[in-house]
Amino acid sequence: MDDALPWRGERLIAVGFRRWKQAHLRPVLAPCVGELRFVPDAAAATALGPTPADRLLAWGATPPPGLTDLARRSGAGLVRIEDGFLRSVGLGSDLIRPRSLVLDAQGLHIDPSTPSALETLLQTTRFDREELAEAARVRAFIVEHGLSKYNHEPRTRADWSAGRRRVVLVPGQVEDDASVRLGCTRVRSNAALLAAARAACPEAWIVYKPHPDVASGNRPGRLPPAEARRWADHVETGLGVVSCIEACDELHTMTSLTGFDALLRGKRVVTHGLPFYAGWGLTTDTEQDAPALRRRQRVLSLDELVAGALLRHPIYWDWTLRGYTTCMAVLHQLRAERDALQASGRLARLRSGWWPRQWRKGRALWEGWTGG
């Protein structure tokens, strides 16, 4: 595990984390350090006197004000945290705890303006035969069981009236998400993405799939159906994203993880932004002059991409055993949890019902405040 934790230090000083997120992170981070402290801002972190032996933790690509300067003055390493690519059964925006995290002491994969640990790993690592075989098994398991990041949507065969036309899937994104703000230049909205897909594929049958966080009302970026139908032949609000991927021939995206999911399932993927999986010879990329793509000089196989993004880069956590685990173990847990909820009829409650979702959020907030 040490090789996977370059962010370890004598102390981890986590800055600006809400109480519910502290409750999610504390069990995962505490086993790795002598001391874990959560503080509200950079001023409180400064009062702790960080040294080069410590690490300053921040959520997402943009640290709280003053934290970058504190890291430079103190010599403490600055580590950014984000959800892993195989997260949970249910949305993170509903405060459901994650089964995987990425911690990056170099940058963050959602910000292509600078190299990230994942980009460096993919650019430089030579994966051995055993690791590539495990990546192939992981990929096959994901595809066979219809798994993805959130795993809360129904898996039903699409019954679209596309006829013989090529089906192009356009997944919507949260428009204020950091991956869109930092990873897109010309195409920066769901409307612009749909327009670009239609311009590139004038004869295709285009399906627009709103993002689940947007459809739930948790995040901004809702595109009115009438506007979406200016470019799309169909707006899909019932099927899960995996079902949509399985039914399409091609996918156009800005930076969505759905593009990675589509690659796993052998689909052609066109990027209109700079996601972590672009630039390795596996996607058709429209931002050819971007510095990030110029940095990515290596041609990867799909299993090499999987080995880096799913086996080496994240950390995985078992909430039952309260310990670190493997990607494959988490995949089995996600499948078992999703299938049990589906069998009991409770999976649908993760997708609909304002009051049940508010109750779950309230419980998460209460546990954050009480340490429950």
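Numbering of residues begins at 1 and proceeds along the displayed sequence. For the numbers below, each heavy atom of this structure counts, side chains included, while hydrogens, waters and symmetry mates do not.
- Applying the 6.0 Å contact sphere to CZ of Arg298 captures more than 12 heavy atoms from other residues, nucleotides or ligands.
- Taking CG of Leu12 as the reference point, atom CZ of Arg26 lies at 11.5 Å (rounded to 0.5 Å).
- Nearest heavy atom pair, residue Leu36 against residue Ala30, reads CD2-N, 4.1 Å.
- We find that Arg296 and Glu119 are joined by a salt bridge, their nearest charged nitrogen and carboxylate oxygen being less than 4.0 Å apart.
- Here the closest heavy-atom approach between residue Gly273 and residue Cys184 is recorded as CA-SG, 4.2 Å.
- Using a 4.5 Å cut-off between side-chain heavy atoms of Ile, Leu, Val, Met, Phe, Trp and Tyr, with links allowed through other members, Leu263 and Leu122 fall into the same hydrophobic cluster.
- Within a 6.0 Å radius of CG in Asp128, other residues, nucleotides and ligands contribute more than 12 heavy atoms.
- The two atoms that bring Gly172 and Asn190 nearest to each other are CA-OD1, 3.4 Å, heavy atoms only.
- Side-chain atoms of Arg55 come within 3.5 Å of backbone atoms of Pro52 as a donor-acceptor pair (strictly under, hydrogens ignored).
- Inter-residue side-chain proximity for Leu334 and Arg87 is flagged as unmet; no heavy-atom pair is nearer than 4.5 Å.
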Exercise. Given Arg198 and Asp233, is the salt bridge (charged side-chain N to carboxylate O under 4.0 Å, His left out) satisfied, shown in steps?
Worked result: CA-CA 10 Å; Arg198 175 56 73 193; Asp233 298 281; 2.8 Å; yes
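- With rounding to the nearest 0.5 Å, the separation of CG in Asp83 from NE2 in His24 is 10.0 Å.
- Side-chain atoms of Asp54 come within 3.5 Å of backbone N or O of Thr51 as a donor-acceptor pair.
- In this model, no donor atom of one side chain and acceptor atom of the other lie less than 3.5 Å apart for Gln333 and Trp319.
- His234 and Trp205 have parallel rings, their planes meeting at less than 30° on a 0 to 90° scale where 60° marks the start of perpendicular.
- With values rounded to the nearest 0.5 angstrom, Asp261 atom CG is found 12.5 Å from Lys267 atom NZ.
- The two atoms that bring Leu29 and Leu57 nearest to each other are CD1-CD2, 3.6 Å, heavy atoms only.
- Residue Leu70 shares its hydrophobic cluster (ILVMFWY side chains chained together at separations under 4.5 Å) with Ile13, Val15, Val39, Leu48, Leu56, Leu67, Leu78.
- Looking at heavy atoms from C-beta onward, Tyr316 lies in side-chain contact with Leu86 at the 4.5 angstrom threshold.
- Hydrophobic clustering (side-chain heavy atoms under 4.5 Å, transitive across Ile, Leu, Val, Met, Phe, Trp, Tyr) groups Leu341 together with Leu239.
- Cluster annotation: Leu274 is not connected to Val102 through the hydrophobic network of ILVMFWY side chains, with a link wherever side-chain heavy atoms come within less than 4.5 Å.
- A ring-centre distance under 6.0 Å is not found for Tyr277 and Phe85.
- Follow the hydrophobic side-chain contacts under 4.5 Å out from Leu293 and you never reach Leu282; the two are in separate clusters.
- Between the side chain of Ser88 and the backbone N or O of Gly90 there is at least one donor-acceptor pair closer than 3.5 Å.
- Ion pair Arg155/Asp339 not flagged as a salt bridge, since none of the NZ, NE, NH1 or NH2 atoms sits closer than 4.0 Å to an Asp/Glu carboxylate oxygen.
- Two residues are said to be in side-chain contact when any heavy atoms from C-beta on lie closer than 4.5 Å; Leu25 and Phe38 meet this criterion.
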Problem set entry | Verdict with supporting geometry, Arg295 and Gln123, side chain to side chain contact (heavy atoms under 4.5 Å, CB included) | CA-CA 9 Å; Arg295 290 195 306 266; Gln123 180 69 27; over 6 Å; no
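- Contact of the Val207 side chain with the Val170 side chain is not registered, since no non-hydrogen atoms from C-beta on lie closer than 4.5 Å.
- With rounding to the nearest 0.5 angstrom, the CD atom of Glu236 is 5.0 Å from the SG atom of Cys244.
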For this session: Check the pair Glu287 / Thr271 against side chain to side chain contact (heavy atoms under 4.5 Å, CB included), numbers first and verdict last.
Result: CA-CA 8 Å; Glu287 297 283 355; Thr271 67; over 6 Å; no
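- In this structure, the side chains of His252 and His272 come closer than 4.5 Å at one or more pairs of heavy atoms.
- Atom CG of Leu223 is separated from atom CZ of Arg230 by 9.5 Å, given to the nearest 0.5 angstrom.
- Side-chain contact between Ile142 and Arg265 is present, with heavy atoms from C-beta onward closer than 4.5 Å.
- Ring orientation note: the planes of Phe141 and His145 are tilted relative to one another, at an angle of 30° to 60°.
- Using bins of under 30°, 30° to 60° and over 60° for the plane-to-plane angle, the ring pair Phe276/His109 lands in the perpendicular bin.
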For this session: Might you work through the side-chain hydrogen bond (donor to acceptor under 3.5 Å, both in side chains) test for Thr283 and Asp285, ending with a clear yes or no?
Result: CA-CA 6 Å; Thr283 54; Asp285 305 311; 2.7 Å; yes
Exercise. Under the side chain to side chain contact (heavy atoms under 4.5 Å, CB included) criterion, do Val174 and Val180 qualify, and how do the steps go?
Worked result: CA-CA 8 Å; Val174 178; Val180 175; over 6 Å; no
Problem set entry | Chi angles and distances behind the side chain to side chain contact (heavy atoms under 4.5 Å, CB included) call for Arg312, Phe127 | CA-CA 10 Å; Arg312 289 231 189 167; Phe127 301 100; 4.0 Å; yes
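- Once rounded to the nearest 0.5 Å, the distance linking CZ of Arg99 with CD of Glu337 reads 5.0 Å.
- Annotation: side chain of Arg73 is in contact with side chain of Thr46 (closest heavy-atom distance under 4.5 Å).
- Between Phe260 and Leu305, the closest side-chain pair of non-hydrogen atoms falls below 4.5 Å.
- Between Glu153 and Val241, the closest heavy-atom pair is OE1-N, 2.9 Å.
- Of the charged side-chain nitrogens involved, none lies within less than 4.0 Å of a carboxylate oxygen, so that Glu246 and Arg157 do not count as a salt-bridged pair.
- In terms of heavy-atom proximity, Ala58 sits nearest to Pro64 at CB-CD, 3.7 Å.
- Neither Val270 nor Trp280 shares a network with the other; the hydrophobic side chains, linked directly or stepwise wherever heavy atoms of I, L, V, M, F, W or Y lie under 4.5 Å apart, form separate groups for each.
- Atom CD of Glu130 has 12 or fewer heavy atoms from other residues, nucleotides or ligands within 6.0 Å.
- Ion pairing of Asp111 with Arg80 is absent here, as no side-chain N (NZ or NE/NH1/NH2) approaches a carboxylate O to less than 4.0 Å.
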